[in-house]
There are 2 protein chains.
Amino acid sequence: MKECEAKDYQQAHKKEMRAVQDSMDVLSGKWKIAILSSICYYNKRRFSDILHDVEGISNKMLSKELKELEINKLVNRSVMDTQPITVQYELTEHGRTLQTIINHLTAWGIEHRKKIIGE
Amino acid sequence: MKECEAKDYQQAHKKEMRAVQDSMDVLSGKWKIAILSSICYYNKRRFSDILHDVEGISNKMLSKELKELEINKLVNRSVMDTQPITVQYELTEHGRTLQTIINHLTAWGIEHRKKIIGE
DNA sequence: CGGGATCCTTACTGATACTG
DNA sequence: CAGTATCAGTAAGGATCCCG
């Protein structure tokens, strides 16, 4: 391989890594995926419902994570005009494109557990 | 939906969430995927090479992350009998099963960047 | 109900230096 | 070369209370 080709090769690789990092920046952390999973499983979900679905999360964390997900346009927040106020969260179209990845992660997680813990 | 069915529904969901969490526990963090990516891109890779590939990582972090990846049986560590000593890392068979997920994350990351930053 | 503000503890990280 | 050790700063996360 010529030097310039090696360089291109490495450049391509770095680009890929940046892309994966971008994804992980959005998705990693203790709660994000669980929250997304809860919302998309039920289609629409209220704050307190998610709080209940995701075991162990505090309201502070949930509030923070939902904000970040909203900034990244993965979820939509809509205040319902009820008494008292309720807030609905749902996945955006962009958020729904994560479905495939979440499914793969689910499948892989099950296999992984078998391999590591179950032996 | 009867109550018992609703319960099953929720139980199934919790199981899925745990699986995804298991995956994320292994993969999330600032460096793991970049390290895996570096190793599998070159097939076999030495400590100092990875240190160079993954921009910004410190040797301490790399050492720690590699240890965790080894514990999770995603990479194999082999000490080469050279002078001075070199250490080769490569993906295990189990580690290679992550390829699909990494590819998806790459593709999604590119789309996400377009959507969020590039607008 | 859906959060925000505060305080506090721990986990994560980086920089630097050192060893076999 | 491939790590370990130490120190110190930052950020993540939990608990609790408060507000419209």
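Letters A, B, ... are given to chains in the order of the sequence lines, protein chains preceding strands, and every chain is numbered from 1. Values reported hereafter were calculated over all heavy atoms of this structure, with side chains retained and with hydrogens, waters and symmetry mates removed.
At whole-Å resolution of the value, CE in A:Met80 and P in C:dG3 are 13 Å apart. In this structure, the CH2 atom of A:Trp31 is 8 Å from the P atom of D:dG13, given to the nearest Å. C:dA11 atom P lies 11 Å from atom NZ of B:Lys64, rounded to whole Å. Going from atom CD1 of A:Ile57 over to atom P of D:dA12 covers 14 Å, rounded to whole Å. Rounded to whole Å, the distance from CD on A:Gln83 to P on C:dC1 is 12 Å. Summarising the geometry, the separation between CD on A:Glu65 and P on D:dG14 is reported as 10 Å, rounded to the nearest angstrom. Atom pair B:Ile35:CD1 and D:dA2:P shows a separation of 14 Å (rounding to whole Å applied). The distance from atom CD1 of B:Ile85 to atom P of C:dT19 is 17 Å, rounded to the nearest whole Å.
Phosphate proximity of D:dT4 to B:Lys67: present, with a side-chain N or O under 4.0 Å from OP1 or OP2. OP1 or OP2 of C:dG3 lies within a sub-4.0 Å distance of a side-chain N or O belonging to A:Arg77. For D:dG14, one of the phosphate oxygens OP1 or OP2 lies less than 4.0 angstrom from a side-chain nitrogen or oxygen of A:Lys30. At the phosphate of D:dC1, neither OP1 nor OP2 sits under 4.0 Å from any side-chain N or O atom of B:Thr82. Taking only side-chain nitrogens and oxygens, B:Tyr89 comes nearer than 4.0 Å to OP1 or OP2 of D:dG3. Contact annotation: B:Ser58 side-chain N/O to C:dA15 OP1/OP2 distance is not under 4.0 Å. For the OP1/OP2 pair of C:dA17 and a distance below 4.0 Å, the side-chain nitrogens and oxygens of B:Lys60 include no atom meeting the criterion.
Each of B:Leu74, B:Leu66, B:Asp49 was compared with B:Ile39 under the side-chain contact (heavy atoms from CB on, under 4.5 Å) criterion, and only B:Leu66 meets it.
Using a cutoff of 4.0 Å between basic side-chain nitrogens and carboxylate oxygens, A:Lys14 and B:Glu55 are scored as salt-bridged. For B:Lys32 and B:Glu68, the salt-bridge test passes: some basic side-chain N is under 4.0 Å from an acidic carboxylate O. Salt bridge annotation for B:Glu111-B:Lys114: present, with a cationic side-chain nitrogen under 4.0 angstrom from a carboxylate oxygen. Residues B:Glu70 and B:Lys67 are not paired through a salt bridge, judged by the lack of any N-O separation under 4.0 Å between the basic side chain and the carboxylate.
In the set C:dG3, D:dT4, C:dC1, the nucleotide with an atom closest to the side chain of A:Thr86 is C:dC1. Considering only side-chain atoms of A:Val87, the nucleotide from C:dG4, D:dA2, C:dG2 that sits closest is C:dG2. Comparing D:dG13, C:dC1, D:dC1 by their closest approach to the side chain of A:Met61 singles out D:dG13. Distances from the side chain of A:Ser48 to the nucleotides C:dT6, C:dG2, D:dG3 place C:dG2 closest.
Annotation: the terminal axes of the helix from C:dC1-D:dG20 to C:dG20-D:dC1 meet at 50°, where each axis is the rotation carrying the C1' atoms of four end pairs onto the next four (5 pairs per end, rounded to 10°).
You'll find a donor-acceptor pair under 3.5 Å spanning the side chain of A:Asn59 and the base of C:dG4, going by distance alone.
Checked by atom type and distance alone, the side chain of A:Arg96 pairs as donor or acceptor with a backbone atom of A:Leu91 at under 3.5 Å.
Side chain to side chain, A:His13 and B:Ser37 meet the donor-acceptor criterion of an N or O pair below 3.5 Å.
Using a 30° and 60° split on the angle between ring planes, A:His94 and B:Trp108 fall in the parallel class, below 30°.
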